[in-house]
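Here the structure is laid out as structure tokens; the discussion comes afterwards.
Just so we're on the same page: letters track the sequence lines, and every chain starts at 1.
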Number of protein chains: 2
Amino acid sequence: MPKTVDREEQRRQIGAAVLRLASEQGLDEVSVRTVAAAAGRSPGAVQKYFRTKDEMLAFAAELAGARIEERMAAVDPGLPPREALCALVLTTLPVDAERRAEAAAQLAFATRAAHHPGLGAIRRRVDADVREALAGWLADAGHGRGPEPGADCLALADAVIALSDGLALRLLYAPDDREALLRALDRALDALVPPAVPHP
Amino acid sequence: MPKTVDREEQRRQIGAAVLRLASEQGLDEVSVRTVAAAAGRSPGAVQKYFRTKDEMLAFAAELAGARIEERMAAVDPGLPPREALCALVLTTLPVDAERRAEAAAQLAFATRAAHHPGLGAIRRRVDADVREALAGWLADAGHGRGPEPGADCLALADAVIALSDGLALRLLYAPDDREALLRALDRALDALVPPAVPHP
DNA sequence: CGCTTGAGAATACGACCGTATCCCAAAAAG
DNA sequence: CTTTTTGGGATACGGTCGTATTCTCAAGCG
């Protein structure tokens, strides 16, 4: 038997290079050749791990989704709901260089997903997970109004996700509006998740 | 003198073809050749009106921005604030085929703007106009809390814009979530712009 | 009418794309 | 050591890209 390597680890390294490139220069600059260069490999080596470019992009999209879920799970569950929610959104917002890269990659894949069924399916699955986790978490914290608190928490979760995505989008092309947009986030969270829990 | 045509009208027609193509197939499928075909022209004819592809995209981005402002100005000013705001957001959301095209083009340009200074500048200018109009409108309607109602209205406007953009993004790759996302919009607007005005 | 000038089409060129194929080095099994 | 199998590099091919250049044709003015 010849030498063998950890194929999954190699795929992850190449996928990371895809995300790095997509975040720094946009998804348009992602080609098999540029990815290979970014990963310190030859174009042929990349082809050994991904038979087609689409397969490579799908893998990278899954990787990006996994990173989001990781970050969501990493927020301190001991924080008060309002602060925890704010921290949660902040971990996904491009407020510094590191998060900017992550958010830019997410946006690039989301945009392409609008015209690419495969990427769309991956995105929808990740979104469903995040949405459910967020809604359950809001329900536990006692938010959710009206006759159906469960349904209201789902609507609330969708609103928070949309708010976060919209803020991320604008931060990416208008980083100078950072302070104003963070104020807007605070203001919106105050309105959506009032500090005083209705039924303590 | 030889025959002459309305150059600006020609540019607008080609720009419209760019937006149509970007909305239906994504900005990646926009090339000088495909745009020419979509506009019923030869590639050479397109070159007469836009010396470079970047110039063409910038023009299309301006056109898309102008369409947004047109739609904003077209909402009935006689509606109650809450309903008017909802109608305003709904005109930008991809809830049907026509609006889907517009929203997809907007998203495509916004995404590219994250890595393209020229498109970013156009986007920021359009955003500033929309933001200011929305904030002034909220202030007139009596919303805006705290010691500085003007600043609060700006934050509110930013939040509504972000919410709208985030909903549009998700609607584009998850059209089946339409009902849930419209409920989330209603819920968020209820919280952000309470029906009962604090200081009548 | 003939000339000039702009509209528009056709073509050319170099670069990069995704993918398929072939070749070589190295390491485990015999 | 030889054989065999796999990782990885190199190369080739058809296609599309953006752009520059050149051509044809018709319309208006002297």
Side-chain angles (χ1 to χ4, degrees), chain A residues 1-22 24-61 108-109 111-113 115-119, chain B residues 1-22 24-61 108-109 111-113 115-119:
Chain A
M1 269 233 267
K3 84 171 171 185
T4 177
V5 298
D6 183 347
R7 290 193 69 85
E8 207 51 35
E9 170 60 22
Q10 301 294 318
R11 284 167 70 93
R12 247 172 293 149
Q13 285 188 15
I14 297 174
V18 171
L19 294 186
R20 199 176 336 133
L21 218 65
E24 288 169 1
Q25 306 182 229
L27 209 36
D28 315 298
E29 300 302 319
V30 171
S31 77
V32 178
R33 288 167 175 83
T34 57
V35 168
R41 289 166 166 78
S42 81
V46 172
Q47 281 185 288
K48 291 285 171 175
Y49 294 101
F50 298 102
R51 295 197 299 110
T52 184
K53 184 188 180 183
D54 244 48
E55 190 181 317
M56 182 177 75
L57 290 183
F59 183 87
F109 279 100
T111 301
R112 181 152 303 196
H115 302 286
H116 188 303
L119 292 180
Chain B
M1 271 238 262
K3 83 169 171 185
T4 178
V5 299
D6 183 347
R7 290 193 70 85
E8 207 52 36
E9 170 59 22
Q10 302 293 320
R11 285 167 70 93
R12 248 172 291 144
Q13 285 188 15
I14 296 174
V18 171
L19 295 186
R20 199 175 338 134
L21 218 64
E24 289 169 1
Q25 306 182 227
L27 209 37
D28 315 297
E29 300 302 320
V30 170
S31 77
V32 178
R33 289 167 174 83
T34 57
V35 168
R41 288 165 166 78
S42 80
V46 172
Q47 280 185 289
K48 290 282 174 177
Y49 294 100
F50 299 103
R51 295 198 299 108
T52 184
K53 184 189 181 183
D54 244 47
E55 190 182 316
M56 182 176 77
L57 290 183
F59 183 88
F109 278 101
T111 300
R112 182 153 301 197
H115 303 286
H116 188 302
L119 292 179

Arg7(A) side chain near dT6(D) phosphate (N/O to OP1/OP2, under 4.0 Å): no
Heavy-atom nearest nucleotide on DNA chain C taken for Gln10(B) and for Gly44(A); more 5' hit belongs to Gln10(B)
Can you tell me if the side-chain N/O atoms of Ser31(A) get under 4.0 Å from OP1 or OP2 in dC16(C)? no
Between atom CZ in Phe50(B) and atom P in dA7(C), what is the gap in whole Å? 14 Å
From CD of Glu29(A) over to C1' of dC16(C), roughly how many Å is that when rounded to an integer? 11 Å
Return the value, rounded to whole Å, for the distance between atom CD of Glu55(A) and atom C1' of dT19(C). 13 Å
Options dA9(C), dG18(C), dC17(D), nucleotide nearest the side-chain atoms of Val32(A): dG18(C)
For Leu57(A) and dC17(C), give me the distance from atom CG to atom C1', rounded to whole Å. 13 Å
Measure from the side-chain heavy atoms of Arg41(B) and tell me the nearest of dA9(C), dG18(C), dA20(C). dA9(C)
Report yes or no: does Arg33(B) contribute a side-chain atom to a donor-acceptor pair with the main-chain N or O of Pro43(B) at less than 3.5 Å? no
Donor-acceptor pair, distance only, cut-off 3.5 Å: does the side chain of Thr111(B) make one with the backbone of Thr111(A)? no
Whether the side chain of Arg33(B) and the base of dG18(D) hold a donor-acceptor pair under 3.5 Å is what I'd like checked. yes
Spacing between Gln47(B) atom CD and dG8(C) atom C1', to the nearest angstrom: 11 Å
For residues 44-56 of chain A, tabulate all N or O donor-acceptor pairs below 3.5 Å that involve a side-chain atom, not counting sequence neighbours.
unit_1: Lys53(A); atom_1: NZ; unit_2: Val30(A); atom_2: O; d: 3.1
unit_1: Asp54(A); atom_1: OD2; unit_2: His116(A); atom_2: NE2; d: 2.8

Which nucleotide in the list dG8(D), dT19(C), dA10(C) gets nearest to the side chain of Ala45(A)? dG8(D)
In whole angstrom, give the distance that lies between atom CD1 of Ile14(B) and atom C1' of dA7(C). 12 Å
Using whole Å, report how far CG of Asp28(A) lies from C1' of dG18(C). 16 Å
Grab the CE-C1' distance between Met56(B) and dG18(D) for me, whole Å please. 10 Å
Are the side chain of Arg20(B) and the backbone N or O of Val18(B) linked by a donor-acceptor pair below 3.5 Å? no
Quick check: does any side chain N or O of Arg12(A) sit under 3.5 Å from a backbone N or O of Gln10(A), one acting as donor and the other as acceptor? no
If you compare every side-chain N and O of Thr52(A) against the phosphate oxygens of dG18(C) (OP1, OP2), does one of them come in below 4.0 Å? no
Assign each of Ser42(A) and Arg51(B) the nucleotide of DNA chain D bearing its closest heavy atom; nearer the 5' end lies the nucleotide of Ser42(A)
Please determine whether any donor N or O and acceptor N or O are separated by less than 3.5 Å between the side chain of Lys48(A) and the base of dG8(D). yes
Under 4.0 Å: is that the gap between some side-chain N or O of Tyr49(B) and OP1 or OP2 of dG8(C)? yes
